[in-house]
> 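First the structure, which I've put down as structure tokens, then a few questions once you've had a look.
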2 protein chains.
Amino acid sequence: MDVKTLCLGVLSLGDASGYEIKKVFEDAFSHFYVAGFGSIYPALAELTREGYVTCSDVEQEKRPAKKVYHLTGSGAAAFRTALAETYPSHKVRSDFMVLLVFADLLTPAQLAGVLQQRLADIDDTLSHIRACTGRDDCVSSSGAAFAAGIARAMLEAGREYIVQNREGLLQGLENKDTES
Amino acid sequence: MDVKTLCLGVLSLGDASGYEIKKVFEDAFSHFYVAGFGSIYPALAELTREGYVTCSDVEQEKRPAKKVYHLTGSGAAAFRTALAETYPSHKVRSDFMVLLVFADLLTPAQLAGVLQQRLADIDDTLSHIRACTGRDDCVSSSGAAFAAGIARAMLEAGREYIVQNREGLLQGLENKDTES
DNA sequence: CATATCATGTAACCGGTTACATGATTCC
DNA sequence: GGAATCATGTAACCGGTTACATGATATG
């Protein structure tokens, strides 16, 4: 699923500007999809060319003007088709786990720091998810709540595993040090 | 962390050919890092040019000849430096969750299929991790076991959440259908 | 003789990131 | 006046994927 398709999805929830779409990405999708302005703005331009969205300039009081995008019928149809064809992949890219695999090349202090940092990041993500779940201005379909529930359950399980087992890992590696 | 750096990491565990490195990626790293031949072979060529690895042709009986790569001192040093500078990121890119967020644009049958497929994929990943943990020819440091433990805990929690809550999600969306 | 596995590579392409560039408006 | 937020865009770059191309060896 590319940024273009996801923009159609966001617009299926209501008209929005590029800037506002970026916010939806950050608020509602950030734990499973990341996109920056550098991909969103060109995506919207292309979708406009293709007739999947229309664009209108909207003047605002107390704010700079913005371009509000609106999903067309063909855009909605294209999005539904894309959804039906999308394989439900779930990919992880984790430098954290790479560091763990090569933990014996780190000092115990470095490893402890890595684990601490990961715990802090998990907590950040969890509070971000909790903050968004139940907020009105956020995407709040039952499906979104379900996705948030899965993410939460997985993060909490990972957190728990780290808290429960880190002492053992750290001690095992320290002993290895003294052995040599 | 790029493929080049990860190749140094694999070679820090022992000499290997490109083909063998690919296997390590598949066996030990596949649940948190994916890489194909198209990135591994060019990476090894570049590492050779940079002096981080050396390469020697090895003839084999009953098999085509292979190029075995060996980590140099500067390669080992470069890898340790890279590890120390790596932020322990853990990124998820999930089309599965995108489908969930827009579940109301799917038929109940499609949604059920998506959930079923995800459960099957989780089971595949879990059995893959179990198969690798404890196998001798696999990377088997205590850090690798720890990473596998986290992955396992997270996958099982996600699996459990789906199994426990999918009925509710499916029924909620079916009712929505009859409402209209 | 076909299929599978082992083995190595190249080149085009693609999607996304990063950095750059600009400017309005608001609040302290 | 400076910082923060709102707002839109472009262009270079980069890492990785995909498809292509080749060929040895082994097994059924």
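Reminder, nothing fancy here: chain letters follow the sequence lines and each chain counts from 1. Everything quoted here is computed from the prediction, not taken from an experiment.
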> Looking at the side chain of A:Lys67, which of C:dT25, C:dA7, D:dG9 is the nearest nucleotide?
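Nucleotide nearest to A:Lys67's side chain: D:dG9.
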> Categorize B:Gly18 for me: base, sugar-phosphate, or nothing, with a 4.0 angstrom heavy-atom threshold over every strand shown.
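Answer is sugar-phosphate: B:Gly18 comes under 4.0 Å of backbone atoms only.
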> Look at B:Tyr69 and C:dT8 and indicate whether a side-chain polar atom (N or O) is within less than 4.0 Å of OP1 or OP2.
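No, B:Tyr69 has no side-chain N/O under 4.0 Å of OP1/OP2 on C:dT8.
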> In whole Å, I'd like the distance from the CD1 atom of B:Ile40 to the C1' atom of D:dT17.
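Computing the B:Ile40:CD1 to D:dT17:C1' distance gives 12 Å.
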> Choosing from C:dA7, C:dG15, C:dA24, which nucleotide comes nearest the side chain of A:Asp2?
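In terms of side-chain proximity for A:Asp2, the closest of C:dA7, C:dG15, C:dA24 is C:dG15.
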> Considering heavy-atom distances to DNA chain C, does A:Gly36 or B:Glu20 have its closest nucleotide positioned more toward the 5' end?
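With A:Gly36 and B:Glu20 compared, the 5'-side residue is B:Glu20.
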> Short question: side chain of A:Ser94, backbone of B:Phe32 - any donor-acceptor pair under 3.5 Å?
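Absent.
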> Let me know the distance between CZ of A:Arg49 and C1' of D:dG9, rounded to the nearest Å.
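Computing the A:Arg49:CZ to D:dG9:C1' distance gives 13 Å.
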> Choosing from D:dG16, C:dG9, D:dC6, which nucleotide comes nearest the side chain of A:Pro64?
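My answer, after comparing the listed nucleotides, is D:dC6.
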> Are A:Gln60 and C:dA24 close enough that a side-chain N or O sits under 4.0 Å from OP1 or OP2?
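No, no such contact exists.
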> Within a 6.0 Å radius of atom OH on A:Tyr52, are there more than 12 heavy atoms belonging to other residues, nucleotides or ligands?
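Not more than 12 within 6.0 Å, no.
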> Please report the distance, rounded to the nearest Å, between CD in A:Glu26 and P in D:dT5.
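After rounding, the reported distance stands at 12 Å.
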> Quick one: does A:Ser12's side chain have a donor or acceptor within less than 3.5 Å of a partner on A:Phe79's backbone?
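Side chain of A:Ser12 to backbone of A:Phe79: no pair is present.
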> Return the nearest nucleotide to the side chain of A:Lys62; candidates are C:dT10, C:dT26, C:dG16.
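Closest nucleotide to the A:Lys62 side chain: C:dT26.
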> How is A:Ala45 classified with respect to the nucleic acid when contacts are heavy atoms under 4.0 Å: base, sugar-phosphate, or nothing?
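Nothing, no heavy atom under 4.0 Å.
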> Whether the side chain of B:Asp95 engages the backbone of A:Met1 through a donor-acceptor N/O pair (distance < 3.5 Å, no angle test) should be reported.
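Such a contact is found between B:Asp95 side chain and A:Met1 backbone.
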> What's the closest nucleotide to the A:Tyr19 side chain, out of D:dG9, D:dA26, D:dC6?
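Between D:dG9, D:dA26, D:dC6, the one nearest the side chain of A:Tyr19 would be D:dC6.
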> Please say whether more than 12 non-hydrogen atoms of neighbouring residues, nucleotides or ligands are located less than 6.0 Å from NZ in B:Lys91.
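For B:Lys91, atom NZ is not crowded (no more than 12 foreign heavy atoms under 6.0 Å).
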> Roughly, in whole Å, what's the span from CG in B:Leu6 to C1' in D:dG16?
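Whole-Å distance recorded here is 13 Å.
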> Given atom CZ of B:Arg93 and atom C1' of C:dG15, what is their separation to the nearest angstrom?
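Those two atoms, CZ and C1', are 9 Å apart.
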> Grab the CG-P distance between A:Leu44 and C:dG16 for me, whole Å please.
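From A:Leu44 CG to C:dG16 P: 13 Å.
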> Identify whether any heavy atom of A:Lys4 sits under 4.0 Å from a base atom; if not, whether one sits that close to sugar-phosphate; answer base, sugar-phosphate or nothing.
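Result for A:Lys4 = nothing.
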> Has A:Ser17 got a side-chain N or O lying under 4.0 Å from the OP1 or OP2 atom of D:dC6?
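So the side-chain polar atoms of A:Ser17 never come under 4.0 Å of the phosphate oxygens OP1 or OP2 of D:dC6.
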> Could you pick out which residue, A:Lys66 or A:Gly38, lies toward the 5' side of DNA chain D when each is mapped onto its nearest nucleotide?
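With A:Lys66 and A:Gly38 compared, the 5'-side residue is A:Lys66.
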> Any idea which heavy atoms bring A:Phe37 and A:Pro42 closest together, and the distance?
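It is O-CD, 3.7 Å.
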> In whole angstrom, what separates B:Glu61's CD from C:dC6's P?
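About 17 Å, once rounded to whole Å.
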> Using the side-chain heavy atoms of B:Pro42, tell me which of these nucleotides is nearest: C:dT10, D:dG9, C:dG16.
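For B:Pro42, the side-chain atoms sit closest to C:dT10.
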> Expressed as a whole number of angstroms, how long is the span from B:Glu46:CD to C:dG9:C1'?
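Checked: the CD to C1' distance equals 15 Å.
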> Hey, does the side chain of A:Lys22 come within less than 4.0 Å of D:dC6's phosphate (OP1/OP2), counting only N and O?
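No.
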> Does OP1 or OP2 of C:dG15 have a side-chain N or O of A:Tyr33 closer than 4.0 Å?
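So the side-chain polar atoms of A:Tyr33 never come under 4.0 Å of the phosphate oxygens OP1 or OP2 of C:dG15.
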